[in-house]
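Chain letters run A, B, ... following the sequence lines, proteins first, then strands; residues in each count from 1.
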Amino acid sequence: MNKDYSHVITKIDAIAAKIYDDFQKTEIPFVNLPTRTKSNIKFDENLNVWKYGKNITERNAKSLDGAYMLLRTMYLADFIKEMIKINKSSTLREMYYISEGWDLAKFHSQQESNLLAEDLEVITSCMREDFKLRPEEDGARVIGNVTIEETTRNNKKKKIHCQDDVGDSGYSIPYNVEPEKLTFKSIDADFMIAIETGGMFDRLVENGFDTSNNAVLVHLKGQPARSTRRFIKRLNEEANIPVLVFTDCDPWSYRIFASIAYGAIKTAHISEYLATPPSQYLGVTPSDIENYDLPTDKLTKEDINALKNELTDPRFQDSFWKGEIKLQLKMGKKSEQQALAKYGLDYVTDTYLPEKLTEMGIIKK
Amino acid sequence: MNNFIITISITIAGCIVLQLMEVIILGKITAHDLAKKQKEISVAEFFERNKHILGFGNQTRALITSVKEGVDNGLDTCEEASILPDIYVEIKNHEDGECKVIVEDNGPGIVKKQIPHIFGRLLYGSRFHAIRQSRGQQGIGISAVVLYGQLTTGKHAKIISKVDEDRPAAVIDLVIDTNKNRAEVINRDTVHWDKPCGTRVEISIMADYKRGKRFVYDYLQSTSIVNPHAQITYKETDGTEHIFERTSETLPKKSIEIKPHPYGVELGTLIKIAKHTKSRKLSSFLKTEFSSMGDRTTKSAIEKANLDKNLNPKEMDREQFLALHKAFKKVKIMSPSTDCLSPIGETLIKRSLKHETQEISPEFIITASRPASVYSGNPFQVEVGLVYGGNLPKEETVKILRFANRVPLLYQQGGCVTTQAISSIDWRRYGLNQPSGKGVPSGPAIFLTHVSSTLIPFTSESKEAIADVTEIENEIKLAFRECARKVQYHIHKVLKRAKTREKFDLITKILPEIAKKSANMLNKPVPSLNPIITKIMDVVWIEDLIEYEKIKREPVQTTLVGDSRKEDRGGTITKSRIMVVNYKQTPQKLNLYAIIPEDAVVGSISPKPSKVTNNYIRWNLESIPPANKIDINFELAGLEKGDFDENDLYIENINPTYVIGADKWEGD
Ligand SMILES: Nc1ncnc2c1ncn2[C@@H]1O[C@H](COP(=O)(O)OP(=O)(O)O)[C@@H](O)[C@H]1O
Ligand SMILES: [Mg+2]
């Protein structure tokens, strides 16, 4: 794994040089980066995903907050340089703690440090991996007729069959799923279902849905980590199997789907790398609530706001989403995947999924 | 007897006059016969009937009233003799509900032969004729306490008084002969007393100490707030001592006696004054016996009353007086002079509040004072204060401290014009809670109001609430509005400062760090920052720093000669340092004004100012280059530590938007 990091160092030094120049030109130091908000994501026709648009945010030292940001960015950049030099990597959380020693530049929350690391990606068009920063293991899991070859810590290659070689909890997706670390040796499946909750994942596993329907099951564990999304994308591309996303029926779940299918707002700079445009939303949809007469909860104030927000989110502008979101606002209700258990434990695998998959043309009856 | 009657009616104002007149003196004015009959009513009977009026309605009130009468007299007498008051209050509790109230002062003392009159006769005093601000107006007097004590405990009062440093003190034990309204001296003696002069009164009364104790404390604490020149020591029955410290070494301005103003005079009083005047003609009578009566007003009053200016006032009849009294109201008469008032002053109110709220550590204390004004011919003046923040409870209704002529008003808050005025202001704009914008607000604040007047218009005889007099209500409102405006200004200033402070942090801390880091990463020398600093700040920054320095000096209060506490009292020098930094990119010049606080005296100033008046110092600052600063220093004497924590600074000859830390000078 002796990756070449020289281009990373060049890009990091370019930031320092920019700031230094500003001082010498007696200009208030600043850096520009694309505005990272919903209002600035545009659909990229070529890549088929949502990317940042043309709006630029200037981070400058005119205000105290801006100056702090710049200072932290500089410290972060220097820290990355140092890690590259001594050939180490750190988790995002470790970096947050390391910043304790940065005096004025120290971070006040991990959210702040994560955000800044993303900023730095955006500014340098490098990836987090280039910075030798990694997230904590998030343990998203896979079960299905897939054989994976993973390079272990002691540089040995190990084959893992994602049904036979794993327990009930499945194969745990590592944070690095790039070819140098992970390759797919064989894939025999008709489609892949990405599932939001662990409870539903386990239900499908227990009911043997992966074997009975020749499906790969991926547990998203809520908002999927980069590696999970990247894993799904690679699997989709390399095996050419459809991806279905199966979540709760609420606005937050729709965002999970969007981050898989369209690209997330926070990581729009690398959407083409993380998003799987052919993904389809399986359910639970607001229409399902009506059609299957599912148990519901009332939408909270936050839910309603999030739904309204989605109505103005460029990614949700097609007629399917507009219709479903409006329907849900009208019903004022939401539901969970596991609400399907109302009709018995096998209902989801015996009735709901087959019906939905047929409807979507994934399986033929 | 003659004298006696006049005394009462002039002293006691408003409603109480009428009531007392009914009881005791009804007669004199209309019939001499009646007066004779009145003489025979015993003061004991009078007292029994009017106990509640006199503040002895129940045993809790009785305790507070007794302490209050003693303390008020002590303060009054010290001020009259220009002595800084040192008052000692002690309550001794006997099992059976009997308390001994001891009040001691360091006043000039009372001459021996006067003691029986003062303590053994109801309604006898020296302040009776005076129209000016004094506490004495508040109660019926110390003899009422003696009488109450004697009626409830059967015990006599003991008075010790010393008038001459070289002579022993007189000790007199007395009771009131309730039939004659005269003192009956039980015992006379002399005793050695360490004090150079002063008076000590010991009276046993029936009282509810357990309930009253808290009120006595509150009363003394409140008294201390509005009497910063007084030192009050309070010893509880269990020996616990509270000391309310003196925070000002200056006696209040002496109030000057004035003559009654025609607008405020009652018909009865008018008649009485006429009976005793030396003037033989109506016109000279009006001019000599009343305030604000010049030739013109006198003439038009007499004309309006349809009277002859040569009438002998002693021979006028009731109808004529009535006509004159009515005519007063129809003539425009100048307001009386307000010298007779002795307000506390903003600096002292602030200092006392600061002292008393130390434990609360409030965010700020703001005061406002109105110019003297007049209602029905009676001068009055309103001062208010506001304590905000710190540990004050956020949910409770605001505490209102009410004062009239430096005396705390402890009861009937709801019925007081003060409360009414406060309730009618919308406090929500000023960060306090007030459902529907009316009523006493709640929030972390204490309000103080002090009304001083030659005649406080109380709602009732018990003198606990000020009546709903439009003029007074308006003045209180105006004062609080001013206070509220100052609060807003203060908050605005604090915010503005905080913002500037941020920028200052930015240029002094963060920016150099960014420069250093970028240089380190590139292995280059650290770039120069000054040009960028002026670009980021783009203001002239004025920073104000105040320090206090204790200095030793001899006591200035010459009237303290003979005071047993002879140690030096140090003074304080208030040192202000003002830094003017030009963070603009071009040179700047400006004129700077620093306001001199009330009561302060200017000491050394550097650099040389271009003008110094009683109110301000002005510097004309010549062109300051970018990124350069000028230090200005000046000293003030006459203030105590903490009296003011920031200078009021103003600027001129520069675009005010360029400047942070001072406002536009609006002219003298
Ligand atoms: N402690 C004292 N020292 C000196 N004089 C006193 C003292 N107490 C009372 N006097 C005198 O006695 C007078 C009567 O007092 P008091 O009965 O309390 O009536 P008031 O205070 O209303 O005048 C006062 O006006 C004052 O002249
Ligand atoms: Mg008195």
Side-chain angles (χ1 to χ4, degrees), chain A residues 5-6 8-31 58-85 98-99 101-108 116 119-120 123-124 131, chain B residues 492-543 581-588 624-628 657-661:
Chain A
Y5 285 96
S6 59
V8 183
I9 300 214
T10 314
K11 290 210 160 133
I12 282 178
D13 280 345
I15 301 177
K18 158 79 178 71
I19 304 273
Y20 192 85
D21 267 13
D22 286 341
F23 277 112
Q24 288 200 311
K25 285 189 292 191
T26 71
E27 265 189 55
I28 299 170
F30 73 97
V31 291
E58 184 183 295
R59 293 272 156 75
N60 62 43
K62 272 182 207 147
S63 72
L64 191 61
D65 285 347
Y68 267 117
M69 285 255 229
L70 279 187
L71 183 62
R72 288 185 187 126
T73 308
M74 306 290 296
Y75 266 84
L76 181 59
D78 198 31
F79 168 68
I80 290 165
K81 236 178 117 171
E82 186 62 23
M83 278 201 298
I84 291 172
K85 217 158 79 193
I98 284 167
S99 86
W102 294 354
D103 197 16
L104 290 169
K106 105 177 215 215
F107 294 113
H108 294 292
L116 220 69
D119 275 357
L120 204 59
I123 296 168
T124 57
F131 297 157
Chain B
H492 171 79
K493 207 161 158 183
V494 167
L495 285 180
K496 210 165 148 186
R497 286 251 162 108
K499 255 197 186 149
T500 319
R501 175 83 39 207
E502 270 193 6
K503 282 218 162 166
F504 197 68
D505 276 357
L506 180 122
I507 55 158
T508 55
K509 289 200 232 148
I510 314 295
L511 212 58
E513 281 295 310
I514 297 178
K516 213 165 79 194
K517 196 83 189 170
S518 67
N520 282 352
M521 283 174 75
L522 302 170
N523 273 323
K524 288 184 175 175
V526 180
S528 145
L529 289 177
N530 276 349
I532 291 182
I533 286 175
T534 52
K535 211 167 181 173
I536 290 176
M537 292 297 273
D538 200 28
V539 288
V540 172
W541 199 42
I542 301 182
E543 162 127 321
V581 195
N582 178 14
Y583 285 126
K584 299 277 305 174
Q585 288 158 280
T586 53
Q588 300 291 327
I624 314 168
N628 273 49
T657 60
Y658 288 3
V659 181
I660 289 187

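By the 6.0 Å contact criterion, OH on Y658(B) is open, its count of non-hydrogen atoms from other residues, nucleotides or ligands being 12 or less.
Between the CD1 atom in I536(B) and the CD1 atom in I28(A) there is a gap of 4.5 Å [rounded to 0.5 Å]. To the nearest 0.5 Å, atoms CG (L64(A)) and CG (L511(B)) are separated by 10.5 Å.
Legend: residues meeting side-chain contact (heavy atoms from CB on, under 4.5 Å) with P512(B), ordered by chain and number and at least two apart, are L529(B).
Using a 4.5 Å cut-off between heavy atoms, L104(A) touches chain B through its side chain atoms alone. Proximity to chain A is limited to the side chain of L522(B), based on heavy atoms less than 4.5 angstrom apart. In this structure, the portions of A77(A) lying under 4.5 Å from any heavy atom of chain B include both its backbone and its side chain.
For the residue pair A61(A) and L506(B), the shortest heavy atom distance occurs at O-CD2, 3.3 Å.
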Does the pair I12(A) and M521(B) meet the rule for a side-chain contact (heavy atoms from CB on, under 4.5 Å), with working shown? CA-CA 9 Å; I12(A) 282 178; M521(B) 283 174 75; 3.7 Å; yes
The test is side-chain contact (heavy atoms from CB on, under 4.5 Å); show your working for F23(A) and V526(B) and say whether it passes. CA-CA 9 Å; F23(A) 277 112; V526(B) 180; over 6 Å; no
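Every pair tested for ring pair (Phe, Tyr, Trp, His ring centres under 6.0 Å) that includes a residue from residues 513-534 of chain B fails, sequence neighbours excluded, so the list is empty. Each ring pair (Phe, Tyr, Trp, His ring centres under 6.0 Å) pair with one or both residues in residues 508-536 of chain B, not counting sequence neighbours, would appear here, but there are none.
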Extract the chain B to chain A donor-acceptor pairs under 3.5 Å, no hydrogen or angle test applied.
residue, atom, partner, partner atom, Å
E513(B), OE1, Y75(A), OH, 3.4
K517(B), NZ, D78(A), OD2, 3.0
M521(B), O, K81(A), NZ, 3.2
P525(B), O, Y20(A), OH, 2.4
K535(B), NZ, T26(A), O, 2.9

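Heavy-atom pairs under 4.5 Å with chain B peak, among P29(A), A67(A), A105(A), G66(A), at A67(A).
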